Amino acid sequence: MSARTATWLAYSLAGLALAIDTAAAVLLILTRHVGSTESISSVAQVAVGILTVLPMVVIGTLVAAHRSRNATGWVFLGFGLVTALGYALERYAVYTLVVNPDWGAGGTVAASLQTSSYLAGFAMLLFLLLLFPSGRFASRNWRRLGFVGAAALVGAYALACIQPGRLAEPFEAFVNPLGVEALSRAGELIFVVLLVTGDLILLAAVVATFVRFRRSRGVEREQFKWFALAAALFALVLIAHGVANAVSATGALDAIEIVGLLAGAGLPIAAGIAILKYRLYEIDRIINRTLVYGA
């Protein structure tokens with residue numbers, strides 16, 4: 001791919017992602033007073049999530065346009081596009097099914113497609129962990145595992161979309177229009193197998209990221225510092241979320257999820273600084289403390 005083509009494609013994808021993200025923001029404004037189906041904290045989570053798309057798209061565009069051979073930039077663009085689309089579908093479903101049912105069709109389809117859209121985001125996250133910072137897989141085995149894990153997560157998302165029965169909250173009053181009755185039992189089992197497979201490979205990729213950081217030298221180590229710090233902070237939030245969920249601390253979950261979205265936004269910022277080789281600061285002590293406390 002020529003530099004001109006890469007630049008055109010990167011800015012086109014960025015424009016599409018920002019357009020979808022803007023639509024999600026407009027729909028969020030139109031549905032902000034829906035108190036019967038969502039709490040204020042839930043609306044705040046969506047608002048923060050919509051904002052996190054911006055650093056993904058900006059950093060992804062810069063890297064993809066100026067270093068088209070580094071796949072990390074394209075992964076960030078895909079990550080931002082998938083995230084924006086998930087929030088837009090969710091807000092459209094709320095607007096058409098709750099706020100203004102007579103406005104347009106397709107609300108139940110949008111609700112079905114957005115329910116497990118985070119799995120598609122996890123697939124992009126898996127590639128990001130395996131490709132950073134060079135844009136290449138560490139080995140052929142990791143390349144195979146990466147594609148197997150991504151396929152499992154995307155497959156789990158597809159099965160979730162066609163699972164028959166009632167939709168998830170806050171759309172439980174509606175039946176999934178994409179549901180396939182023949183997959184009622186088998187679909188649930190296959191979904192669990194695919195989800196566990198994808199999650200295990202994702203967990204292995206997280207561990208491999210820190211192992212690669214410990215083994216890296218020179219410029220690559222300096223690049224890893226930024227990404228390792230952001231990933232460690234994000235991992236701490238995930239641990240806190242799991243603990244709060246285990247003890248049924250509902251009030252704390254909302255706040256942790258918002259912090260998690262903000263921590264997730266740090267990944268593209270850290271990766272962009274590292275890949276574009278801006279000035280790198282001495283943060284060894286902070287990273288070591290974060291990893292120790294996280295462990």
Side-chain angles (χ1 to χ4, degrees), residues 49 56 71-72 74-76 78-79 82-83 86 113-163 168 183-216 224 227-247 253 256-257 259-261 263-264 266-268 270-271 287 290-295:
M56 293 181 186
T72 308
W74 301 109
V75 172
F76 270 127
F79 206 162
V82 168
T83 303
L113 293 176
Q114 66 82 34
T115 300
S116 300
S117 60
Y118 68 92
L119 292 175
F122 279 179
M124 304 305 296
L125 177 60
L126 173 60
F127 279 128
L128 179 62
L129 292 172
L130 294 177
L131 290 171
F132 183 85
S134 64
R136 297 186 299 271
F137 292 98
S139 66
R140 291 183 178 180
N141 290 333
W142 276 116
R143 181 177 181 178
R144 295 189 187 98
L145 279 177
F147 280 101
V148 169
L153 290 169
V154 173
Y157 166 64
L159 282 175
C161 291
I162 61 176
Q163 190 64 28
L183 295 176
S184 180
R185 294 183 178 180
E188 292 181 0
L189 178 60
I190 298 174
F191 172 81
V192 172
V193 173
L194 291 177
L195 183 61
V196 171
T197 301
D199 285 347
L200 288 177
I201 295 178
L202 181 60
L203 179 60
V206 172
V207 175
T209 298
F210 291 108
V211 172
R212 289 164 58 205
F213 167 67
R214 298 291 296 179
R215 295 177 178 177
S216 60
F224 257 121
F227 193 71
L229 175 61
L233 292 174
F234 189 67
L236 286 177
V237 174
L238 291 180
I239 294 172
H241 185 275
V243 173
N245 193 35
V247 299
L253 279 174
I256 292 173
E257 288 176 359
V259 175
L261 290 171
L267 289 172
I287 292 177
T290 305
L291 294 176
V292 170
Y293 294 155

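Nothing here was measured: the structure is a model prediction, and the numbers come from that model. Along the sequence shown, residues carry numbers from 1.
Here the shortest heavy-atom pairing between Gly121 and Val82 reads N-CG1, 3.9 Å.
Residues satisfying the side chain to side chain donor-acceptor pair (under 3.5 Å) test with Arg143, not counting sequence neighbours, are none. Scanning for side-chain contact (heavy atoms from CB on, under 4.5 Å) contacts around Ser116 gives Tyr118, Leu119, Tyr157, Ala160, with sequence neighbours left out. Applying the side-chain contact (heavy atoms from CB on, under 4.5 Å) test to Ala205 and every residue at least two apart in sequence or in another chain returns Leu126, Leu129, Leu130. Leu200 meets the side-chain contact (heavy atoms from CB on, under 4.5 Å) test with Val196; sequence neighbours excluded. Under the side-chain contact (heavy atoms from CB on, under 4.5 Å) criterion, Leu145 pairs with Trp142, Ile201, sequence neighbours left out. By the ring-ring contact (aromatic ring centres under 6.0 Å, His included) test, Phe191 is found to be paired with no residue, residues two or more places apart in sequence or in another chain being considered.
The CG atom of Leu125 sits 5.0 Å away from the CZ atom of Phe79 when rounded to the nearest 0.5 Å. To the nearest 0.5 Å, atom CG of residue Leu189 and atom CG of residue Leu194 are 9.5 Å apart. Taking CE from Met124 and CG from Leu153, the interatomic distance works out to 11.5 Å, rounded to the nearest 0.5 Å.
For the pair Phe147 and Phe137, the minimum side-chain heavy-atom distance is below 4.5 Å.
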